[in-house]
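Some notes on the structure that comes next.
Convention: sequence-line order gives letters A, B, ...; per-chain numbering from 1.
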2 protein chains.
Amino acid sequence: MQIGMRTDTNPTLADKLAAAIADGILNGRLPPGERLDEVGLAEQHGVSRTPVREALRQLAMSGLIDMRPRKGAIVSKATPEEIESLFVAMAEMEATCARLAAMSMTPIERRRLQARHESMVALAAAGETEAYSDANVAFHSAIYAGAHNAPLADYAMNLRRRVGPYRRAQFRVDGRLLRSNQEHDAVVRAIVSGDAAGAHAAMIHHVSLVEDAFEAFAAINAA
Amino acid sequence: MQIGMRTDTNPTLADKLAAAIADGILNGRLPPGERLDEVGLAEQHGVSRTPVREALRQLAMSGLIDMRPRKGAIVSKATPEEIESLFVAMAEMEATCARLAAMSMTPIERRRLQARHESMVALAAAGETEAYSDANVAFHSAIYAGAHNAPLADYAMNLRRRVGPYRRAQFRVDGRLLRSNQEHDAVVRAIVSGDAAGAHAAMIHHVSLVEDAFEAFAAINAA
DNA sequence: GCATGCCGATTTGCATACAAGATGGATGCC
DNA sequence: GGCATCCATCTTGTATGCAAATCGGCATGC
């Protein structure tokens, strides 16, 4: 259910276009609400409309864009209620993955998760927002993978992508880095010790706070 | 993330085709592994290949079919491990929805869920497999809806569709109807009383047993 | 002044045509 | 006889062309 699902060497033009457009959305070059004109995209990428249309359909199913018959496609522009739903959904998916990870990660995976977490402490302390953000994605991805369940992991990743446009620069809210790292600590401890319920709770707590941070950031920007 | 996501009057041909093909897969007319030839489907539906290709791409993203570049599309044929993953994922999604439903259903929704459940008792007692199965889908759908979270509900529905081809006639395993109804009772009680953790646990238990029933059924058929 | 209907321009939906990679079977070779 | 190779054929991928619906502006009428 994820964008890169058809991971294959020899990708078709439509696949490459879908990846490119998704990238544009995630980078903010294509903001929510932006109109996705078929001929425009086609010319821009030097292809015909056919692969563009296929790419758009693919993206529509992933939820990144909205298509309405005969009305064209736009980058998904969620209402505040829908954004709230996305955040709740992501929190639940992350928590579920954490729960399963606590139950089914291998000893090696647990150790690697712990190591990964510990290496992030330094980044947080140094206030390296950029590097921390990247490491953070990898950290969460490791937990998805640790759930050992492709459908759930894919959907968690999908949701993470979808909320991306709405939480850019979340770590800029002051103090967020250190808080985040402390919360990770609770999550890691629960997972490593095999405490499924604890992992679920700690992760829900963590992601909910991320949402709060988003709201704080949105409030700052609105001001 | 669901097939009928682009629910709109004025559906495009590709949308109608996607619905038709999905229907064929869910009805078993197109069994897992079946090749989906573009020209064949096009002729069969009296259209050109263009909308067929768009429909296939849509279905590929939903997970119902597998497409590989330049190799065509087939109805998804999951390995036993993948089927196991799908069942686990579905159990988790259902449990998550049940948890949220326990937290956020309105009093009216709770009463309706209870009523729906009670009307199923009679069907189970009478052994009306067909009617019970339909009511069962509606019952679970009501819980998805009660979660008040579209992304999670859609994905739960998607998973339900995807496991469909692998659990046809599950209720034929003897005694399954009554057991199912008893398990529903626990789920309903927890949701109605607002016991989030209890709802989660009861639903996991229920869906896991469905999976066992599937395995029992598969074993019978293999014999 | 505002609503309504009409018409041109634009855009999407679909069909057809063409190109290129994959498939399968016959052929030649060892 | 078995195996690799090559070629005809089929299937998928992409481009182009045409039909139909939508959108915007303008004129018309109230």
Side chain of [X] (C-beta onward), nearest among [options]:
| X | options | result |
| --- | --- | --- |
| B:Ser48 | C:dG13, C:dA15, D:dT12 | C:dA15 |
| A:Asp37 | C:dT11, D:dT16, C:dC14 | C:dT11 |
| B:Val39 | C:dC14, D:dT12, D:dT14 | D:dT12 |

Nearest-Å distance, [atom1] ([X]) to [atom2] ([N])?
| X | N | atom1 | atom2 | answer |
| --- | --- | --- | --- | --- |
| A:Glu43 | D:dT14 | CD | C1' | 16 Å |
| A:Gln58 | D:dG13 | CD | P | 12 Å |
| A:Glu38 | D:dT14 | CD | P | 16 Å |
| A:Arg70 | D:dA21 | CZ | P | 7 Å |
| B:Arg49 | D:dT16 | CZ | P | 16 Å |
| B:Leu41 | D:dT12 | CG | C1' | 13 Å |
| B:Ile74 | C:dT23 | CD1 | P | 13 Å |
| B:Glu54 | D:dA15 | CD | C1' | 14 Å |

query = Just one of B:Ile25, B:Ile65, B:Leu64, B:Ile74 clears the side chain to side chain contact (heavy atoms under 4.5 Å, CB included) bar with B:Leu30, so which one?
reply =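 Output: one option passes, namely B:Ile25.
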task = May I ask you to say whether B:Glu92 pairs ionically with A:Arg99, meaning some side-chain N is under 4.0 Å from a carboxylate O?
result = yes
key: Of A:Thr50 and A:Lys71, the one whose closest DNA chain C nucleotide lies more 5'   =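 The residue whose closest nucleotide sits nearer the 5' end is A:Lys71.
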Test salt bridge (Lys or Arg N to Asp or Glu O under 4.0 Å) applied to B:Glu34 and B:Arg29, step by step = CA-CA 10 Å; B:Glu34 179 91 349; B:Arg29 197 175 61 250; over 6 Å; no
key: A:Val47 vs B:Ala73, nearer the 5' end of DNA chain D by closest nucleotide   = B:Ala73
request  = Fit a plane to each ring of B:His140 and B:His206, take the angle between them on a 0 to 90° scale, and name the class: parallel (under 30°), tilted (30 to 60°) or perpendicular (over 60°).
outcome  =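 Aromatic pair B:His140/B:His206 classed parallel.
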Does [N] have OP1 or OP2 sitting under 4.0 Å from an N or O in the side chain of [X]?
| X | N | answer |
| --- | --- | --- |
| A:Asn10 | C:dA22 | yes |
| A:Arg53 | C:dG13 | yes |
| A:Arg35 | C:dT12 | yes |

inquiry  = Taking A:His184's backbone N and O only, do any of them form a donor-acceptor pair with A:His117's side chain (distance below 3.5 Å, no angle check)?
reply    =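 Checking the backbone N and O of A:His184 against the side chain of A:His117, no donor-acceptor pair under 3.5 Å is found.
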